[in-house]
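Single-structure report; data block below.
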Amino acid sequence: MIEPLVFFWLLLKASLFSTGGTGNLPSLHADLLARGWARDQQFVEALAIGQISPGPSGLWVIALGYLTDGLRGAVLAAIAISLPPLLVLVVARLHRRVGAHPAMQGFMRGLGLAVSGNIFIVMVTLLLTTGVDGRSLLIVLASIGLSLSQRVPVPVLLGLAGVAGVVVP
Amino acid sequence: MADTTEPTPARIAERTAPPEAPGAWQAPSAWRLLQIWLMLGVQSFGGGTATLFLIRRAVVEQQRWLSDEEFTRDWSLCFIAPGINLLCMTVLVGHRVRGLRGAVIALTGLLLPSVTITIIMTARYRSLQRIDAVQAAVEGIIPATVGLGLMLAANMARPLLAAARREGRASLSISVVLLAASIVVAALWRPPVALVLCCAGACGALAMWWRATRRSGQP
């Protein structure tokens, strides 16, 4: 049973302590799975919807809120991802004072590297728990190749993958 | 949120008003602001990059709320602020025009259409979820999403590693070790994510600081 206040706090916390639309993924994945409030499959579905739907792909959290807790979850998620960006005003002021300090730059670099490493782990976990076989590995490689070529827009790429899911046995 | 160094609308007017109408610039009304951002929100199909392009065209070229350089500087700030970069940018631009109220209006305008559509799409997906063909399609889409996620991780790490490489072998080694350590620690022990991130940030800060002090010691 999802407790709305705790759910909201987990969403807010994940966005507060991360940057970018998917920086909150590792933290949310750990917290929601630990409480049994979300499944791996729902994370992948939400990420895919976030890629297809309008607006920044960071709106995947709203799809996740809906899939796990219905309309209430979606609304809580919308509020939770709207608040942290307001802090950019504080960051802008802080940056004018200490932004050039090497320790500050080093902190941002270390943070970015760790987020990248954690996203890597989450992706591998998602693949392992939703089932790996020859076809899924092939699609993983194909989507990496297509996105490297930068010729295929992401919604089209996901559409092709969907067709492959239906057509390829 | 009084901030003396932030450009006031009057100062923006001095700089960006078209030459044929000096001093005629006025901060747009709250309603007009909401309209402009709602329009941007409605057009935000095509994800973050396309939307940023639209925002730039609207606020730099059409409305002339800020200059090209200011836009670029604001955008780079968004990478170190919490939350979705595009929303941070929306807050910064909104704030320049009408203070905190402007920021909230801009955020609301940009998000209202896209959030509504995302909810409708998710609801639609959930009602169709049990159909066999939909399930088969999802089974194809899952690994594709994972592929994109792996690319995302690589794209996040690449500029950081490139910057470290420019500083020399020691910096690069530290960065590679930090990246590898965060992967190994997360895979083996599953500690709280925030803890890993903070530790990595602290290590990075110490390394850079140490490097800077050593350099200034022997110029």
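Proteins come first, then strands; the chains are lettered A, B, ... in the order of their sequence lines, and each starts at number 1.
For a residue to count as touching a neighbouring chain, one of its non-hydrogen atoms must lie under 4.5 Å from one of that chain's; by this rule A/Y66 touches chain B with backbone and side chain alike. For A/A48, the parts sitting under 4.5 Å from any heavy atom of chain B are the backbone and the side chain alike. Looking at A/S136, both its backbone and its side chain come within 4.5 Å of chain B, counting heavy atoms on both sides. The parts of A/A63 that come within reach of chain B are both its backbone and its side chain, each placing non-hydrogen atoms under 4.5 angstrom from that chain. The part of B/C198 that comes within reach of chain A is its backbone (N, CA, C, O), which places non-hydrogen atoms under 4.5 angstrom from that chain. For B/A202, the part lying near chain A is the backbone, with the side chain staying farther off; criterion is any non-hydrogen pair under 4.5 Å. A/L71 touches chain B through its side chain: at least one heavy atom from C-beta onward sits under 4.5 Å away, while N, CA, C and O do not. Looking at B/A164, both its backbone and its side chain come within 4.5 Å of chain A, counting heavy atoms on both sides. Only the side chain of A/I121 comes within less than 4.5 Å of a heavy atom of chain B; its backbone N, CA, C and O stay farther away. Both the backbone and the side chain of B/A163 have a heavy atom closer than 4.5 Å to some heavy atom of chain A.
With respect to chain B, the highest number of heavy-atom pairs below 4.5 Å among A/S18, A/A78, A/A46 belongs to A/S18. Interface summary for chain B: among A/G58, A/S27, A/G20, the most heavy-atom pairs under 4.5 angstrom belong to A/G20. The residue among B/D132, B/L160, B/L87, B/V115 with the most heavy atom pairs within less than 4.5 Å of chain A is B/L160. The candidate with the highest count of non-hydrogen atom pairs below 4.5 Å against chain B, out of A/A164, A/A30, A/G159, A/S82, is A/S82. Contact count versus chain A (heavy atoms, under 4.5 Å) is highest, among B/A180, B/A187, B/S114, for B/S114. Contact count versus chain B (heavy atoms, under 4.5 Å) is highest, among A/G23, A/A74, A/P26, A/A34, for A/P26. Interface check for chain A: of the options B/A103, B/A207, B/S175, the most heavy-atom pairs under 4.5 Å are formed by B/S175. Counting heavy-atom pairs under 4.5 Å between each of B/N85, B/T118, B/D74 and chain A puts B/T118 at the top. Of the listed residues A/E45, A/H29, A/R135, A/K13, the one with more heavy-atom pairs under 4.5 angstrom with chain B than any other is A/E45.
The distance from the OG1 atom of B/T122 to the CG atom of A/L59 is 9.5 Å, given to the nearest 0.5 Å. Interatomic distance, CG of A/L126 versus OG1 of B/T145, reported as 9.0 Å (0.5 Å rounding). The structure places CD1 of B/I117 at 11.5 Å from CD1 of A/I62, a figure rounded to the nearest 0.5 Å. Here A/S53 contributes atom OG and B/I120 contributes atom CD1; the two are 11.5 Å apart, rounded to the nearest 0.5 Å. Residue A/L67 holds its CG atom at 6.5 Å from CZ of B/R126, rounded to the nearest 0.5 Å. Note that CG of B/L111 and CD1 of A/I79 are 11.5 Å apart. Values are rounded to the nearest 0.5 Å.
Taking the side chain as every heavy atom from C-beta outward, A/I49 and B/Y125 approach each other to under 4.5 Å. The shortest side-chain heavy-atom distance between B/L150 and A/I119 does not fall under the 4.5 Å cut-off. No side-chain heavy atom of A/P102 sits less than 4.5 Å from a side-chain heavy atom of B/T213.
In B/W209, the CH2 atom is not crowded: 12 or fewer heavy atoms of neighbouring residues, nucleotides or ligands sit closer than 6.0 Å. A/L5 CG: 12 or fewer foreign heavy atoms inside a 6.0 Å radius. Few gaps surround CZ on A/R72; more than 12 heavy atoms of other groups in view lie less than 6.0 Å from it. The neighbour count for A/R39 CZ, taken as heavy atoms of other residues, nucleotides or ligands under 6.0 Å away, does not exceed 12.
Among all heavy-atom pairs drawn from B/L148 and A/S147, the shortest one is CD2-CB, 3.9 Å. Taking both residues in full, the closest heavy atoms of A/L158 and B/A144 are given as CD2-CB, 3.9 Å, listed atom of the first, atom of the second, then distance. Heavy atoms only, all atoms of each residue included: B/M121 and A/P54 are closest at SD-CD, 4.3 Å. Shortest non-hydrogen contact noted between A/V88 and B/C88 is CG1-O, 3.6 Å. Nearest approach of A/G117 to B/I183, heavy atoms of both residues: CA-CG1, 3.5 Å. The minimum heavy-atom distance between A/N118 and B/A186, with the atom names listed, is OD1-CB, 3.6 Å.
Residues of residues 133-140 of chain B that come closer than 4.5 Å to chain A, counting heavy atoms only, are B/A133, B/A136, B/A137, B/V138, B/E139, B/G140, ordered by residue number. Applying a 4.5 Å heavy-atom cutoff, the residues of residues 103-116 of chain A that approach chain B are A/A103, A/Q105, A/G106, A/F107, A/M108, A/R109, A/G110, A/L111, A/G112, A/L113, A/A114, A/V115, A/S116.
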